[in-house]
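In what follows, chains are A, B, ... by sequence order, proteins preceding strands, each numbered from 1. Side chains included, hydrogens not; waters and symmetry mates left out as well; all remaining heavy atoms used.
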Protein chains: 2
Amino acid sequence: MPVTIYDVAREAGVSMATVSRVVNGNPNVKPLTRKKVLAAIERLGYRPNAVARGLASKKTTTVGVIIPDISSLFFSELARGIEDIATMYKYNIILCNSDQRMEKELQLINTLLEKQVDGLLFMGAEIKEDHLQALTSTSVPTVLAATRDADNALPSVTIDHFQAGYDATQALIDRGHKRIAMITGPQSDPLSGLMRFEGYKKALIDAGIGLNEELVANGNFFYESGLTKTKEFLKLAEPPTAVFAANDEMAIGAIHAIQDSGLNVPADIEVIGHDNIRLVEMVRPRLTSVVQPMYDIGAVAMRLLTKYMNNENVEEHVVLLPHRIEYRESTRPEQA
Amino acid sequence: MPVTIYDVAREAGVSMATVSRVVNGNPNVKPLTRKKVLAAIERLGYRPNAVARGLASKKTTTVGVIIPDISSLFFSELARGIEDIATMYKYNIILCNSDQRMEKELQLINTLLEKQVDGLLFMGAEIKEDHLQALTSTSVPTVLAATRDADNALPSVTIDHFQAGYDATQALIDRGHKRIAMITGPQSDPLSGLMRFEGYKKALIDAGIGLNEELVANGNFFYESGLTKTKEFLKLAEPPTAVFAANDEMAIGAIHAIQDSGLNVPADIEVIGHDNIRLVEMVRPRLTSVVQPMYDIGAVAMRLLTKYMNNENVEEHVVLLPHRIEYRESTRPEQA
DNA sequence: CTGTTAGCGCGTTCAC
DNA sequence: GTGAACGCGCTAACAG
């Protein structure tokens, strides 16, 4: 039923090899022949079968993308960066949600390899031994986006989360705060969870303030947890005068908890978030946040992957993208 | 290099057909033989080549998804619904962003058909003749999600946008409002843009209030436009006492415009949004909104597509999912 | 229950 | 420049 390369060959009065050459842009075809072939293709509405091509050429121009949750404000932005660059290099994306469940992640890696993807882009929190094994047991190149394995065995694109946590905290210290609370992410998450917290801790210690356990709460990256944890902070005998949340959703929850208790942000308590998702512009006061360039991370990761897929030379396997703080109204102008 | 079905056959001392049967769960295999084959598979680390399988079987267990923008809060939720159900039925998703540009949409349809997807899920605004032609020129089943073509030529899953607009407006009328403004979506969007507005108009007419042009502004579904358009409303000699925005982002922009001018929501002006994205819970006051079940639309659309792909009988090609209004603090409790 | 045999649609030598 | 022939790895009859 569907028209194949043979049909085109017959219609054009040439061999299928010639049709293949035309379709693939091989220059060794007489212009006149090329023209005849193209006409035949047009006439028959020929559409090359990418599966057959993939089998013959061992390339599918498809990359697998494993992402925790595409409906997340954070990851969907990343995915967009990935897809844009993929499109630019003529790749398509098979998108899979893992929900960060290891069993599912491993199974997805396997499924994607079965589908003969040319490359793999992996997002998630912790990279365990099992991941490494699954990912390195194949010759399919893999890049980690917004994650890193402890030994840098795999190429990755991230920001320096420790420094980001440090900088956010330092910004608050610079504003004269001594009681700076932090709502962390899950400590099982080595970068967004642990490293940001470590940065916070180090900044406090460097400033001679030191860590105060009662000002640290473990959140789960969701709005609700920012709200709840902050309410608890406010019940303290001496509540914090500033809050650093490990992501923006929780920071917004913090703002609302503060406002609900009748206090003002930033006059009474300053708040700073992390990631700079689009949401930060859509609250009052608008949220000061550490910019993690999600789109760029996705884009750079995908670009890096194309290099591996083309066997190009790569100088730096571990890419650290710059971060910075975007100041808005949830913090006061810096003290002189 | 990679181990094939032949290698497994040799290792297990059977024919490749038998290996194929074992891999595909064909029951016509003696238990002992099956065991030997599975052992060989395990020993060799055999991983079936889905591309070869696809070529031979003419099924790829992959569906193409064309979406305007995966980074949108609205569409990413839809995508999650799609992917979850796809996974449930053992399909993978090739995800493509169209940005609603027709040229790109048509090109994507073509690319996905080249990749021999078993089905197509299309999201976008307007379905033109060219779309219909591209989509119906193939035997690959297609389902529209959160969109519909004018003639219902294609299967689709949506809500009743006209009724949704009507209901939202009616809710405001029931609260005693006479000056109800609307920030619409682009009128080129037949459902979210036009139909919601038509519902609004009809409700006003039915109530004997009638349409007041100065209370209608065309937005673009972004926060910023909700903010801007509402500021203009507030400059009117007689500003509106209620605002209905065609989506939540714009509604939140409206709330902020109102608050920035020193007025209170809902005391001075009531606001109602549309879609009920996760954001509505993350603003103060929390936003009353028409619930459009994005996740369900995606899930139902994908489920519908699986039926077509399996040649199952489908009773209803045009699915309308129910909508309702979720009341929160941006509207006042209903008048008795 | 199992093996043999054709293709699936195309890329790719290798001759002409 | 162009064509013939082989093979990519697997499924699907068809025998037996």
Side-chain angles (χ1 to χ4, degrees), chain A residues 1-38 40-41 44-62 90 111 113-118 138-140, chain B residues 1-38 40-41 44-62 90 111 113-118 138-140:
Chain A
M1 182 94 293
V3 18
T4 77
I5 201 169
Y6 279 104
D7 302 322
V8 176
R10 194 179 329 111
E11 175 82 9
V14 300
S15 77
M16 58 160 290
T18 300
V19 178
S20 173
R21 290 193 187 93
V22 171
V23 169
N24 294 300
N26 185 318
N28 292 347
V29 181
K30 209 196 306 181
L32 180 62
T33 312
R34 178 185 308 279
K35 202 170 171 186
K36 281 196 302 185
V37 171
L38 289 174
I41 287 178
L44 266 42
Y46 169 66
R47 179 183 289 145
N49 181 326
V51 171
R53 181 181 294 187
L55 185 59
S57 71
K58 298 184 169 305
K59 285 192 186 335
T60 55
T61 62
T62 303
K90 314 272 189 222
T111 302
L113 291 177
E114 283 187 5
K115 296 229 167 173
Q116 311 299 119
V117 294
D118 294 339
T138 154
S139 63
V140 174
Chain B
M1 183 95 292
V3 20
T4 77
I5 201 169
Y6 278 106
D7 303 321
V8 177
R10 193 178 330 109
E11 174 82 9
V14 299
S15 77
M16 57 167 294
T18 300
V19 177
S20 174
R21 289 193 187 96
V22 171
V23 169
N24 293 300
N26 185 317
N28 291 346
V29 180
K30 206 197 312 185
L32 180 61
T33 312
R34 178 185 309 279
K35 201 168 168 185
K36 279 196 303 186
V37 171
L38 289 175
I41 289 178
L44 268 41
Y46 169 66
R47 178 182 290 145
N49 181 325
V51 171
R53 181 182 294 183
L55 183 59
S57 70
K58 299 186 166 305
K59 283 188 187 344
T60 55
T61 61
T62 302
K90 314 271 189 222
T111 301
L113 291 176
E114 282 188 3
K115 295 230 168 173
Q116 311 299 119
V117 294
D118 294 339
T138 153
S139 63
V140 175

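Judged purely by atom type and a 3.5 angstrom limit, A/Lys58 has no side-chain atom pairing as donor or acceptor with the backbone of A/Gln116. Without hydrogens or angle criteria, A/Asn26 side chain to A/Asn28 main chain gives a donor-acceptor distance under 3.5 Å.
Between A/Asn24 and A/Arg53 the shortest side-chain heavy-atom distance falls below 4.5 Å. At least one side-chain heavy atom of A/Met16 sits under 4.5 Å from a side-chain heavy atom of A/Ile5. By the 4.5 Å heavy-atom criterion applied to side chains, A/Leu113 and B/Arg47 are counted as neighbours.
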Polar atom pairs (N or O), protein with nucleotides 4-6 of chain D, under 3.5 Å:
none

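Here the nucleotide nearest the side chain of A/Asn49, chosen from C/dT12, D/dC10, C/dG9, is C/dG9. Closest contact between the side chain of B/Ile5 and the listed nucleotides D/dT11, C/dC1, C/dG11 involves D/dT11. Taking only side-chain atoms of A/Lys30, from C-beta outward, the nucleotide of D/dT11, D/dT2, C/dC10 with the closest atom is D/dT2. Side-chain proximity of B/Arg53 to C/dT2, D/dC8, D/dC10: nearest is D/dC10.
Residue contacts for A/Val14: at a heavy-atom cut-off of 4.0 Å it reaches the sugar-phosphate backbone alone, with no base atom in range. In this structure, A/Val19 reaches neither bases nor backbone, as no heavy-atom distance under 4.0 Å exists between it and the strands shown. Residue A/Thr18 is in sugar-phosphate contact alone, with no base atom involved, counting any heavy-atom pair closer than 4.0 Å across all strands shown.
Tested against B/Tyr46 for a side-chain contact (heavy atoms from CB on, under 4.5 Å), the candidates B/Val37, B/Asp7, B/Val23 yield a single pass: B/Val23.
Looking only at atom types and distance, the side chain of A/Lys115 has no donor-acceptor partner in the side chain of A/Thr62 under 3.5 Å away.
Each of B/Ser57 and B/Thr33 lies near DNA chain C, and the nucleotide nearest B/Thr33 is the one positioned closer to the 5' end. Nearest-nucleotide positions on DNA chain C place B/Val29 closer to the 5' end than the other of B/Val29 and B/Ala52.
Rounded to an integer number of Å, the gap from CD of B/Gln116 to P of D/dC10 is 19 Å. Atom CZ in B/Arg34 sits about 9 Å away from atom P in C/dT2, given to the nearest Å. Computed from coordinates, the B/Asp7 CG to D/dC8 C1' distance equals 14 Å when rounded to whole Å. For the pair B/Leu32 CG and C/dT2 P, the computed distance is 8 Å after rounding to whole Å. A straight line from CG of B/Asn24 to P of C/dT2 spans 15 Å, rounded to a whole angstrom. Here D/dA12 presents its P atom at 9 Å from NZ of B/Lys59, a figure rounded to the nearest Å.
Relative to the axis of its first five pairs, the axis of the last five pairs of the helix from C/dC1-D/dG16 to C/dC16-D/dG1 sits at 30°, rounded to 10 degrees.
Taking CZ of A/Arg10 as the start and OG1 of A/Thr4 as the end, the distance is 7.5 Å to the nearest 0.5 Å.
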